[in-house]
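Encoded as structure tokens, the structure appears first; notes follow it.
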Protein chains: 2
Amino acid sequence: MDAFTALVEPNRRLLLDAIRVRPSTVNMLVETAGLSQPAVSKHLKVLRQAKLVTVRPDGQKRWYCLNPAPLQELETYLEPYRQFLNDRLDGLERYLDQMQAP
Amino acid sequence: MDAFTALVEPNRRLLLDAIRVRPSTVNMLVETAGLSQPAVSKHLKVLRQAKLVTVRPDGQKRWYCLNPAPLQELETYLEPYRQFLNDRLDGLERYLDQMQAP
DNA sequence: TCGATATATTCCGCTATAGAAATATATCTG
DNA sequence: CAGATATATTTCTATAGCGGAATATATCGA
């Protein structure tokens, strides 16, 4: 499963955000996301398959950590669009300058 | 529908890529994507709802053009991850330097 | 106006996926 | 070993999304 597919699910985006901020155990993520434990485990499985997270067992606990590498796929996809986005922002800047200056 | 949801579908990514390269009519996109015309029209409807494209009627034809603005959502989502990605790339660079130098 | 062209919409069947509940597995503690 | 804790997996149901075929709508040209 690719990063795009994995990140459609809003709850998975939420989970990955939480993991980025701090490596977390499943129970910590259950608290954060307000989902049932099985639901969280299943989302984590998807994130694992997409290699967006890694797991480090620690007794009964399992620490989930961010692996940002697959996000490069999104970066790469966006790359050709960045110029358009920038052009747009430049236009916005000029507009704001006009508002302010004359 | 948000840009994320709209862009999960690989065919929609393909269609948006084609539209970025050149504004296109539905039939042009049917050729490009190798899908049926109804399928393309339905994907375009989703892209329209996500405001990723705009339409300009021209007789029977309808020209679809890129509107990059909603992609800012992806940029914004990726922003906090960019640091991690860059760190990773730095690591790769160092590794490659090591390969080359000593 | 009639047929042809371009596009959109509807209907249908299929598959994928989310969530809940129950169950399984593994590890800790006493 | 027994119970408690942490996590994963299975099973089920409901729903959403895709694609194709058929149909509807709009516009062009003769």
Side-chain angles (χ1 to χ4, degrees), chain A residues 1-20 22-67 70 73-74 77, chain B residues 1-20 22-67 70 73-74 77:
Chain A
M1 163 148 359
D2 65 350
F4 258 112
T5 311
L7 290 180
V8 206
E9 226 291 313
N11 283 326
R12 279 200 289 268
R13 268 179 267 172
L14 190 70
L15 289 171
L16 198 66
D17 284 340
I19 292 170
R20 166 173 50 76
R22 54 168 187 179
S24 308
T25 65
V26 177
N27 268 342
M28 288 165 71
L29 295 168
V30 168
E31 297 267 337
T32 304
L35 293 173
S36 69
Q37 177 265 313
V40 170
S41 277
K42 272 185 287 188
H43 283 312
L44 289 174
K45 184 176 187 176
V46 175
L47 292 175
R48 246 183 292 136
Q49 288 169 338
K51 299 197 192 305
L52 284 163
V53 295
T54 58
V55 202
R56 184 171 56 80
D58 172 23
Q60 313 147 296
K61 296 174 190 166
R62 314 192 99 212
W63 290 93
Y64 280 84
C65 300
L66 173 68
N67 175 32
E73 184 195 346
L74 300 205
Y77 179 79
Chain B
M1 165 146 1
D2 65 350
F4 255 111
T5 310
L7 290 181
V8 206
E9 227 291 311
N11 282 325
R12 279 199 290 267
R13 269 179 265 171
L14 190 72
L15 289 170
L16 199 65
D17 284 340
I19 293 170
R20 167 172 51 76
R22 54 170 186 179
S24 309
T25 65
V26 177
N27 269 343
M28 289 165 70
L29 296 169
V30 168
E31 297 266 336
T32 303
L35 292 172
S36 69
Q37 175 265 312
V40 171
S41 277
K42 274 184 284 189
H43 283 311
L44 289 173
K45 183 176 187 177
V46 176
L47 292 175
R48 246 184 293 134
Q49 287 168 338
K51 299 196 192 307
L52 283 163
V53 296
T54 57
V55 201
R56 185 171 55 80
D58 171 25
Q60 313 148 295
K61 296 173 190 167
R62 316 192 97 211
W63 290 92
Y64 280 83
C65 299
L66 173 68
N67 175 33
E73 183 196 346
L74 300 205
Y77 179 78

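Order of the sequence lines fixes the chain letters, A, B, ..., with proteins taken first and strands second; residue numbering starts at 1 for each chain. When reading the values below, keep in mind they use all heavy atoms of this one structure, side chains included, and skip hydrogens, waters and symmetry mates.
Residue A:N27 holds its CG atom at 10.5 Å from OG1 of A:T32, rounded to the nearest 0.5 Å. B:T25 contributes atom OG1, which lies 5.5 Å from atom CH2 of B:W63 (distance to the nearest 0.5 angstrom). Note that CG of A:L66 and CG of A:D17 are 9.5 Å apart. Values are rounded to the nearest 0.5 Å.
At the heavy-atom level, B:S41 lies under 4.0 Å from base atoms of the strands shown.
Not a single donor-acceptor pair under 3.5 Å links the side chain of A:D58 to the backbone N or O of A:K61. Looking at A:Y77, its side chain does come within 3.5 Å of a backbone N or O of B:R13 through a donor-acceptor pair. Distance alone, capped at 3.5 Å, is enough to place a donor-acceptor pair between the B:R12 side chain and the B:A6 backbone.
The stretch residues 5-14 of chain B comes close to DNA chain D through B:E9, B:N11, B:R12, each having a heavy atom under 4.0 Å from the strand.
Exactly one of B:L44, B:L52, B:N67 qualifies for a side chain to side chain contact (heavy atoms under 4.5 Å, CB included) with B:I19. That residue is B:L44.
The nucleotide range of DNA chain D contacted by chain A, defined by atoms under 4.0 angstrom from heavy atoms of the protein and reported 5' to 3', is D:dT5 to D:dT11.
Annotation: of the two residues near DNA chain C, A:Q37 and B:V26, the 5′-most nearest-nucleotide partner is B:V26. Between A:S36 and B:N27, the residue whose closest nucleotide on DNA chain C is further toward the 5' end is B:N27.
Within the 4.5 Å cutoff, side-chain heavy atoms of B:L35 are placed close to those of B:H43.
Rounded to whole angstrom, the span from the CG atom of B:L29 across to the C1' atom of C:dA8 amounts to 14 Å. Across the protein-nucleic acid pair, A:K45 atom NZ and C:dT17 atom C1' stand 13 Å apart, rounded to whole Å. The nearest whole Å value for the distance from the CG atom in A:L44 to the C1' atom in C:dT17 is 16 Å. Rounded to an integer number of Å, the gap from B:E31 CD to C:dT5 P is 15 Å. Put simply, NE2 on A:H43 is 12 Å from P on C:dT17, counting in whole angstrom units. Remark: C1' of C:dT27 and CZ of A:R62 are 11 Å apart, rounded to the nearest angstrom.
Residues satisfying the side-chain contact (heavy atoms from CB on, under 4.5 Å) criterion with B:P38, sequence neighbours excluded, are B:S36.
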